[in-house]
Number of protein chains: 2
Amino acid sequence: MITVYLAEDQSMLNSALTQIIELEDDLTVVGSAKDGQAASAEIMRLKPDVAILDIEMPKQTGLDVADQIHQAQIETKVIILTTFAQKAYFERAVAASVSGYLLKDSPSDQLISAIRDVVQGLTRFDPELVINMVSAAHNPLTAREQSVLVEAVTGGTTHEISERLHLSDGTVRNYLSAIFSKLGVRGRLEAIQVAKENKWI
Amino acid sequence: MITVYLAEDQSMLNSALTQIIELEDDLTVVGSAKDGQAASAEIMRLKPDVAILDIEMPKQTGLDVADQIHQAQIETKVIILTTFAQKAYFERAVAASVSGYLLKDSPSDQLISAIRDVVQGLTRFDPELVINMVSAAHNPLTAREQSVLVEAVTGGTTHEISERLHLSDGTVRNYLSAIFSKLGVRGRLEAIQVAKENKWI
DNA sequence: AAATGGGTATGACAAATGTCATAACTTTGC
DNA sequence: GCAAAGTTATGACATTTGTCATACCCATTT
């Protein structure tokens with residue numbers, strides 16, 4: 001019998017998936033959580049064969065949980081189950097040696113078969129990820145530019161941003177100007193939009 | 001046998017719910033769609049006893065579909081199934097005479113029992129909605145102020161906004177100024193954030 | 001009929017923003 | 001060891017933004 005742990009904060013999906021996993025004769029759900037912290041603690045204790053982790057969860061993300069499982073060197077295989085095929089998430093997941101990465105935009109029987117696959121030592125990555133890996137635009141912003149833009153998101157004045165970052169006003173404006181030109185936009189508002197769309201900040 | 005139609009764009013949830021509904025002896029899923037347009041057309045044709053509609057879907061929202069069902073005066077009962085308990089959504093749903101409004105943050109057996117309830121002529125509204133109805137802050141912006149702010153979201157200059165709305169630059173700045181003061185913020189960026197948080201735009 | 005509130009418009013002013021040139025200092029790569 | 005790239009900083013400038021006073025028109029309410 002394959003033991004499965006499910007961490008998913010949306011109750012409707014959590015309970016629905018639990019039920020359909022239980023329908024399979026060789027699978028059983030030994031526990032589930034609606035936040036990352038609870039999931040983490042329980043997985044360490046229960047050591048299930050497979051942990052299915054949503055990324056966006058309260059308290060701790062599924063990727064944080066995956067890291068901890070990896071570092072604790074327990075046998076549990078991890079399948080990330082999330083909505084978006086984002087390069088950055090996927091990279092972190094790979095770094096945490098997850099066995100699977102599925103999108104919620106695929107049917108539930110995919111998940112069932114993925115569970116069986118990963119206990120066999122196989123890996124299962126959604127094909128859409130491959131497309132995103134090659135097509136995703138590279139972040140043109142330097143680390144400092146990113147941090148300036150992140151501060152700009154909250155909306156204070158240039159002066160407030162410069163204080164938070166311990167820079168001069170002029171420097172902040174220089175950075176912002178450089179960011180606008182790199183992103184091909186004409187103001188903070190547009191820059192923030194573009195950067196968010198591309199998950200650069 | 002109660003016939004159910006399911007409109008939900010997230011495949012994982014769509015297929016999982018289909019399966020657990022099918023598990024019930026008295027319920028059957030006669031069709032499902034991943035966008036509002038397809039759902040609308042099929043519901044008109046199949047006339048199921050119950051239609052479960054997600055709100056956020058491609059092409060047409062679940063609320064649009066609910067409106068059409070209402071106007072077509074067919075017997076199909078509608079249950080809205082969505083993530084957030086937002087006043088505006090709920091009001092539109094009530095206007096379309098839906099029989100149920102459930103949140104994805106409740107377990108799937110709630111949905112099953114709601115299906116049986118609504119065919120009996122009962123209504124099922126998530127209790128969390130009641131809280132939101134009374135606590136939601138009232139929108140302080142006039143219709144025109146809202147439209148100015150909506151245009152400001154895209155990020156162009158004042159002049160671009162004024163052209164899109166056929167107003168003078170000064171008028172646009174007056175509106176923005178009034179908006180800032182009403183929302184207690186100090187710029188477009190913050191105003192947009194506050195307005196979005198409160199679902200005013 | 002008068003008052004109120006919303007929509008629209010000016011003009012004027014102060015402050016914030018964006019651009020550019022220029023320059024010094026670090027770190028990193030070849 | 002030097003070139004390239006990134007970080008930080010000035011000063012100067014044009015433009016944009018936000019604020020305020022004031023005004024006219026049009027509905028709705030009193």
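Predicted model, so just to flag it, every value in this text is computed and none were measured. Heavy-atom basis, side chains included; hydrogens, waters and symmetry copies ignored.
The interatomic distance linking B:L167 (CG) with C:dG7 (P) rounds to 11 Å, in whole Å. Taking atom CD of residue A:E145 and atom P of nucleotide D:dG6, one finds them 8 Å apart after rounding to whole Å. To the nearest angstrom, P of D:dG6 lies 13 Å from CD1 of A:I179. In this structure, the NE2 atom of A:H166 is 11 Å from the P atom of D:dT8, given to the nearest Å. The nearest whole Å value for the distance from the NE2 atom in A:H159 to the P atom in C:dT17 is 11 Å. One atom, CG of B:L165, and another, C1' of C:dA9, lie 15 Å apart when rounded to the nearest Å. Here the C1' atom of nucleotide D:dT16 and the CG atom of B:L176 are 12 Å apart, to the nearest Å. Residue B:F180 contributes atom CZ, which lies 14 Å from atom P of C:dA16 at whole-angstrom precision.
For A:S168, the listed nucleotide lying nearest its side chain is D:dA9; candidates were C:dA9, C:dT19, D:dA9. Distance from the side chain of A:T157 is smallest to C:dT17 among C:dT8, D:dT8, C:dT17. Between D:dA9, C:dT8, C:dT10, one nucleotide has an atom nearer to the side chain of B:N174 than all others, and that is C:dT10. With C:dT17, C:dG7, D:dT19 as the choices, the nucleotide that has an atom nearest any side-chain atom of B:A143 turns out to be C:dG7. Comparing D:dA12, C:dG7, C:dA9 by their closest approach to the side chain of A:R173 singles out D:dA12. Residue A:T142 has its side chain nearest to D:dT7 when only D:dA9, C:dA9, D:dT7 are considered.
For the OP1/OP2 pair of C:dT17 and a distance below 4.0 Å, the side-chain nitrogens and oxygens of A:T158 include at least one atom meeting the criterion.
Looking only at side-chain heavy atoms (C-beta outward), A:Y89 and A:F84 stay at 4.5 Å or farther from each other. Between B:D49 and B:T76 the shortest side-chain heavy-atom distance does not fall below 4.5 Å. Contact annotation: the side chain of A:I115 approaches that of A:V4 to within less than 4.5 Å [non-hydrogen atoms, C-beta and beyond].
Within 4.0 Å of B:T171, counting heavy atoms only, lies at least one base atom of the nucleic acid. Residue contacts shown for A:R186 are absent, as no nucleic acid heavy atom lies under 4.0 Å away. Residue contacts for B:Y175: at a heavy-atom cut-off of 4.0 Å it reaches a base atom on one of the strands shown.
Using a cut-off of 4.0 Å between Lys/Arg side-chain N and Asp/Glu carboxylate O, B:E160 and A:R186 are scored as salt-bridged. A:D117 and A:R124 are joined by a salt bridge, as a carboxylate oxygen and a charged side-chain nitrogen come within less than 4.0 angstrom of each other.
When each of B:I43, B:D64, B:V98 is checked for a side chain to side chain contact (heavy atoms under 4.5 Å, CB included) with B:L53, only B:I43 meets the rule.
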Each nucleotide of nucleotides 24-30 of chain D classed B (base within 4.0 Å of a protein heavy atom), S (only sugar-phosphate) or -, in 5' to 3' order, makes -------
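Between the OG atom of A:S40 and the CZ atom of A:R45 there is a distance of 12.5 Å, given to the nearest 0.5 Å.
With 3.5 Å as the limit, one finds no donor-acceptor pair spanning the side chains of B:S11 and A:K104.
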